[in-house]
Amino acid sequence: MAKLEPSTFILKNGRNIIFRSIAAEDADIFLEFRRQIPHESTHTMQYVGMEFPTKEETAMRLKAQLDDRVILNIGAFDSGKIIGFLNFRMQNPEHPWIQHLGQFGMFILKEYWGYGIGKKLLELQDAHAKIHGISRIEAMVRVKNDRGVKLYEHSGYKIEGTRRRAAKINGEFHDEYFIAKILDETNY
């Protein structure tokens with residue numbers, strides 16, 4: 001079971017943030033978080049007007065993912081509100097050639113940018129991946145997402161390529177970097 005036990009992180013401003021797995025009973029606040037994200041940034045796959053699953057569907061999906069041994073949904077909680085989220089998964093757990101690959105997506109509310117929450121989410125992800133024998137983690141980040149690119153590079157990710165015109169937002173094309181991190185360079 002991929003469950004992250006609660007841990008406390010103290011922000012620079014003294015506020016306590018709790019990092020833990022997002023569970024079925026968090027469905028309401030998770031949906032609220034997901035609905036807020038596209039209003040704060042276009043550096044995400046969430047968009048304004050997007051249809052979201054119901055609370056019941058979300059709760060069922062979160063429960064199933066919590067029961068999966070590798071999928072990890074990490075929430076950063078501030079006073080019962082989700083303020084950051086990272087979803088980690090394997091690309092195809094059954095395929096023997098790529099069982100070492102993990103992928104992730106991450107969102108943090110704009111009010112909490114710059115406090116180290118993204119760095120902590122990535123650290124928790126890395127520890128989880130290593131336990132499960134995953135040695136390569138991949139993601140995509142928009143080229144214009146300077147803060148995200150900087151965070152990933154400081155966390156050991158390398159830009160491996162550019163997906164040209166990967167997104168079209170408000171009529172404008174945007175490129176994305178394909179990034180990856182090798183967790184154990186010694187075996188490469």
Side-chain angles (χ1 to χ4, degrees), residues 1-48 50 52-53 55 58-59 61-63 65-66 68 70-89 102-132 134 137-159 177 179-181 183:
M1 179 179 291
K3 184 174 183 185
L4 179 68
E5 295 301 323
S7 62
T8 302
F9 180 73
I10 301 172
L11 297 181
K12 296 172 195 171
N13 64 7
R15 292 180 79 155
N16 287 339
I17 302 298
I18 304 296
F19 289 88
R20 66 169 172 82
S21 292
I22 298 177
E25 51 271 12
D26 299 317
D28 273 342
I29 60 173
F30 184 56
L31 283 170
E32 183 180 317
F33 169 80
R34 287 189 65 199
R35 287 185 183 107
Q36 185 173 347
I37 289 296
H39 294 282
E40 297 190 5
S41 176
T42 58
H43 299 309
T44 173
M45 293 302 287
Q46 315 290 310
Y47 57 90
V48 175
M50 181 176 181
F52 291 99
K55 174 187 171 185
T58 299
R61 187 173 300 153
L62 288 169
K63 182 185 179 324
Q65 290 177 343
L66 194 60
D68 186 285
V70 179
I71 293 174
L72 185 62
N73 290 317
I74 308 171
F77 293 80
D78 183 6
S79 302
K81 175 183 175 182
I82 297 175
I83 53 98
F85 166 69
L86 184 141
N87 168 265
F88 175 82
R89 63 217 167 270
Q103 297 175 325
F104 77 96
M106 180 170 64
F107 318 109
I108 298 166
L109 295 181
K110 195 170 192 173
E111 175 185 350
Y112 293 87
W113 290 359
Y115 286 102
I117 293 169
K119 179 181 177 187
K120 182 66 174 176
L121 286 167
L122 293 170
E123 289 170 0
L124 292 166
Q125 169 190 256
D126 288 359
H128 174 75
K130 288 176 184 177
I131 289 169
H132 293 285
I134 295 170
I137 303 175
E138 304 171 337
M140 289 172 281
V141 59
R142 301 251 162 77
V143 170
K144 290 185 178 181
N145 182 356
D146 296 328
R147 296 176 70 88
V149 171
K150 187 179 201 179
L151 167 66
Y152 298 134
E153 288 180 328
H154 284 174
S155 297
Y157 285 83
K158 306 282 189 240
I159 296 170
Y177 289 134
I179 61 170
K181 179 178 183 177
L183 294 177

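Given the structure is predicted, the values throughout are model-derived calculations rather than measurements.
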K.L.:
Between Phe52 and Phe30, does the ring centre distance come in under 6.0 Å?
P.N.:
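Here the rings of Phe30 and Phe52 have centres that are no less than 6.0 Å from each other.
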K.L.:
Of Leu66, Leu72, Ile71, which meets side chain to side chain contact (heavy atoms under 4.5 Å, CB included) against Asp68?
P.N.:
Ile71
K.L.:
Mind checking side chain to side chain donor-acceptor pair (under 3.5 Å) for Gln103 and listing every partner two or more places apart, or none if nothing turns up?
P.N.:
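Checked Gln103 against side chain to side chain donor-acceptor pair (under 3.5 Å); zero matches.
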K.L.:
With side-chain contact (heavy atoms from CB on, under 4.5 Å) as the test, would you mind laying out the steps for Lys181 and Leu122 before giving the verdict?
P.N.:
CA-CA 11 Å; Lys181 179 178 183 177; Leu122 293 170; over 6 Å; no
K.L.:
Is any side-chain heavy atom of Arg89 closer than 4.5 Å to one of Val70?
P.N.:
no
K.L.:
Got a sec, which residues hit ring-ring contact (aromatic ring centres under 6.0 Å, His included) with Tyr115, two or more places apart in sequence or on another chain?
P.N.:
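Listed in chain order: nothing, the list is empty.
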K.L.:
What is the minimum heavy-atom distance between Gly114 and Arg147, and which atoms define it?
P.N.:
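Taking every non-hydrogen atom into account, N-NH2, 3.2 Å.
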K.L.:
Which residues pass the side chain to side chain donor-acceptor pair (under 3.5 Å) test with Lys81, sequence neighbours left out?
P.N.:
none
K.L.:
Take Ile117 and Phe19 through the side-chain contact (heavy atoms from CB on, under 4.5 Å) test and state the conclusion after the steps.
P.N.:
CA-CA 9 Å; Ile117 293 169; Phe19 289 88; 4.1 Å; yes
K.L.:
Looking only at heavy atoms, which two atoms of Ala24 and Ala59 are closest? And how far apart?
P.N.:
CB-O, 3.4 Å
K.L.:
Kindly say whether Gly116 contributes a backbone atom to a donor-acceptor pair with the side chain of Lys12 at under 3.5 angstrom?
P.N.:
no
K.L.:
Scan residues 17-39 for pairs that pass salt bridge (Lys or Arg N to Asp or Glu O under 4.0 Å), counting only residues two or more places apart or in two chains.
P.N.:
Arg20-Asp26, Asp28-Lys55
K.L.:
Could I get the full list of side chain to side chain donor-acceptor pair (under 3.5 Å) partners for Tyr112, not counting sequence neighbours?
P.N.:
Asp78
K.L.:
Considering residues at least two apart in sequence or located in another chain, which fulfil the side chain to side chain donor-acceptor pair (under 3.5 Å) criterion with Tyr157?
P.N.:
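For Tyr157 the side chain to side chain donor-acceptor pair (under 3.5 Å) partners, ignoring immediate neighbours, are Gln125.
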K.L.:
How close do Thr58 and Pro53 get, counting heavy atoms only, and between which atoms?
P.N.:
OG1-CG, 3.6 Å
K.L.:
Between atom CD1 of Ile83 and atom CG of Leu109, what is the distance when rounded to the nearest 0.5 Å?
P.N.:
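One gets 6.5 Å once the value is rounded to the nearest 0.5 Å.
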K.L.:
How many angstroms lie between atom OG of Ser41 and atom CZ of Arg142, to the nearest 0.5 angstrom?
P.N.:
8.0 Å
K.L.:
For side-chain contact (heavy atoms from CB on, under 4.5 Å), just list the numbers for Phe88 and Leu124, CA-CA rounded to whole Å, side-chain angles, deciding distance to a tenth of an Å, and then say yes or no.
P.N.:
CA-CA 10 Å; Phe88 175 82; Leu124 292 166; over 6 Å; no
K.L.:
Where do Gly148 and Val141 come nearest, in terms of heavy atoms and distance?
P.N.:
C-CG2, 4.3 Å
K.L.:
State which residues pass salt bridge (Lys or Arg N to Asp or Glu O under 4.0 Å) with Glu153; sequence neighbours excluded, sorted by chain then number.
P.N.:
none
K.L.:
Test of understanding: with side chain to side chain contact (heavy atoms under 4.5 Å, CB included), list the residues that count as partners of Ile131, not counting sequence neighbours.
P.N.:
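Side chain to side chain contact (heavy atoms under 4.5 Å, CB included) list for Ile131, sorted by chain: empty.
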K.L.:
Measure the spacing between CD1 of Ile179 and NZ of Lys158 and express it to the nearest 0.5 Å.
P.N.:
11.5 Å
K.L.:
Heavy-atom distance under 4.5 Å between the side chains of Ile137 and Leu183, does that happen here?
P.N.:
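They are in side-chain contact.
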K.L.:
Please round to the nearest 0.5 Å and tell me the distance separating atom CH2 of Trp113 and atom CG of Leu151.
P.N.:
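The distance works out to 12.0 Å.
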K.L.:
For residues His128 and Ile74, determine if any side-chain heavy atom of one lies less than 4.5 Å from a side-chain heavy atom of the other.
P.N.:
no
K.L.:
Starting at CZ of Phe104, measure out to CE of Met140 and round the result to the nearest 0.5 Å.
P.N.:
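Here the interatomic distance stands at 10.5 Å.
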K.L.:
Other residues, nucleotides and ligands only: do more than 12 of their heavy atoms fall within 6.0 Å of CE on Met50?
P.N.:
yes
K.L.:
Might you point out which heavy atoms bring Ile134 and Gly102 nearest each other, and give the distance in Å?
P.N.:
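Answer, listing the atom of Ile134 first, then Gly102: CG2-N, 3.5 Å.
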K.L.:
Under the salt bridge (Lys or Arg N to Asp or Glu O under 4.0 Å) rule, what pairs show up with a residue in residues 102-122, not counting sequence neighbours?
P.N.:
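Non-adjacent pairs meeting salt bridge (Lys or Arg N to Asp or Glu O under 4.0 Å): zero.
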K.L.:
Give the minimum heavy-atom separation between Ile17 and Ala76, together with the two atoms involved.
P.N.:
CG2-CB, 3.9 Å
K.L.:
Output all residues satisfying side chain to side chain contact (heavy atoms under 4.5 Å, CB included) with Thr44, sequence neighbours left out; order by chain, then residue number.
P.N.:
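With neighbours one apart ignored, the set is Ile37, Gln46, Phe107.
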K.L.:
What's the spacing between Ile29 CD1 and Ile22 CD1 if we round to 0.5 Å?
P.N.:
7.5 Å
